[in-house]
Engineer: 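Shown below is the structure under consideration.
The first residue of the sequence shown is numbered 1, and numbering continues consecutively from there. Computed from a predicted structure; not experimentally measured.
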Amino acid sequence: MTPLLFAAAALAGGVGAVLRYVVDVGVAKVAGRRFPWGILAVNLSGSFALGLVTTALPADAFLLGAGLLGGYTTFSTAMLDAVALWRDGERAASAFDAIGMLLLGLLAAGLGLALGSAL
């Protein structure tokens with residue numbers, strides 16, 4: 001890895017983190033904060049985008065995948081949200097957040113891979 005590629009990936013990761021915040025806050029304004037819909041939207045769109053990038057733009061997969069989308073998506077926040085929902089007595093919402101995000105994320109990534117392969 002060249003120093004320039006390293007710096008570009010780091011910058012892209014920062015941009016991804018800012019995009020995550022913007023999407024999370026924007027979705028929360030519309031859907032409310034009782035359930036972490038914003039992080040769900042981030043992780044599903046990021047999973048789809050990573051699948052797409054991996055197949056359609058393999059030369060740019062590191063910069064866009066590890067950099068931009070690595071900063072954009074967040075497994076740790078999703079799991080923290082699931083634990084907080086569980087702690088607050090929202091057992092069904094907690095299960096959906098954890099298990100549903102995993103299953104829907106796999107589906108989104110698969111759709112992205114399929115679309116990327118078709119391009």
Engineer: If hydrophobic clusters are built by linking Ile, Leu, Val, Met, Phe, Trp and Tyr wherever their side-chain heavy atoms come under 4.5 Å apart, do L64 and Y72 end up in the same one?
Structural biologist: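 Yes.
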
Engineer: What do the steps show when you test M101 against F75 for side-chain contact (heavy atoms from CB on, under 4.5 Å), and what is the final call?
Structural biologist: CA-CA 10 Å; M101 190 171 311; F75 184 77; over 6 Å; no

Engineer: For the backbone of G71 and the side chain of R20, can you confirm whether one donor and one acceptor N or O come within less than 3.5 Å of each other?
Structural biologist: yes

Engineer: For G46, does its backbone N or O pair with a side-chain atom of T73 as donor and acceptor, under 3.5 Å?
Structural biologist: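 A pair under 3.5 Å: no.
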
Engineer: Considering residues at least two apart in sequence or located in another chain, which fulfil the salt bridge (charged side-chain N to carboxylate O under 4.0 Å, His left out) criterion with D81?
Structural biologist: none

Engineer: Can you name the nearest heavy-atom pair linking L44 to A108, along with the distance?
Structural biologist: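 Minimum heavy-atom contact is O-CB, 3.5 Å.
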
Engineer: Measure across A78 and N43 and return the closest heavy-atom pair with its distance rounded to 0.1 Å.
Structural biologist: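 Shortest heavy-atom contact: CB-ND2, 3.7 Å.
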
Engineer: Are F6 and F62 joined in one hydrophobic group, where the rule is that I, L, V, M, F, W and Y side chains link up if heavy atoms are under 4.5 Å apart?
Structural biologist: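 As far as the 4.5 Å side-chain criterion goes, F62 and F6 are connected within one cluster.
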
Engineer: Are Y21 and I39 co-members of a hydrophobic cluster defined by side-chain heavy atoms under 4.5 Å apart?
Structural biologist: no

Engineer: Between T77 and T74, is there a donor-acceptor pair closer than 3.5 Å when you use the side chain of the first and the backbone of the second?
Structural biologist: no

Engineer: Considering non-hydrogen atoms only, spot the tightest contact between L111 and F48 and give its length.
Structural biologist: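 That would be C-CE1, 3.8 Å.
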
Engineer: Nearest heavy-atom pair of G112 and T55: which atoms, and what distance?
Structural biologist: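 It is O-OG1, 3.9 Å.
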
Engineer: Going only through I, L, V, M, F, W and Y residues with side-chain contacts under 4.5 Å, is there a path from L40 to V27?
Structural biologist: yes

Engineer: About how many Å separate OG of S47 and CG of L113, when rounded to the nearest 0.5 Å?
Structural biologist: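 With rounding to 0.5 Å, CG (L113) is 10.0 Å from OG (S47).
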
Engineer: What's the shortest heavy-atom distance between F35 and A93, and which atoms?
Structural biologist: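 For F35 and A93, the tightest heavy-atom pair comes out as CE1-O, 3.4 Å.
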
Engineer: T54: which residues meet the side chain to side chain donor-acceptor pair (under 3.5 Å) condition with it, sequence neighbours left out?
Structural biologist: none

Engineer: Between F96 and L104, does the side-chain contact (heavy atoms from CB on, under 4.5 Å) criterion hold? Intermediate values first, please.
Structural biologist: CA-CA 10 Å; F96 174 74; L104 292 171; 4.2 Å; yes

Engineer: According to salt bridge (charged side-chain N to carboxylate O under 4.0 Å, His left out), does anything in residues 86-106 pair up with another residue at least two apart or in another chain? List the pairs.
Structural biologist: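 Those involving residues 86-106 are R34-E90.
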
Engineer: Stepwise, does the side-chain contact (heavy atoms from CB on, under 4.5 Å) test hold for W86 with V83?
Structural biologist: CA-CA 5 Å; W86 186 272; V83 169; 5.6 Å; no

Engineer: Indicate if L5 and L57 have the same hydrophobic cluster label, given that clusters are the connected sets of ILVMFWY residues with side-chain heavy-atom separations under 4.5 angstrom.
Structural biologist: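 As far as the 4.5 Å side-chain criterion goes, L57 and L5 are not connected within one cluster.
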
Engineer: Please evaluate residues D24 and K29 with respect to the criterion side-chain contact (heavy atoms from CB on, under 4.5 Å), reporting the C-alpha separation (whole Å), side-chain torsions for both, the decisive distance (0.1 Å), and the verdict.
Structural biologist: CA-CA 9 Å; D24 185 27; K29 284 183 180 179; over 6 Å; no

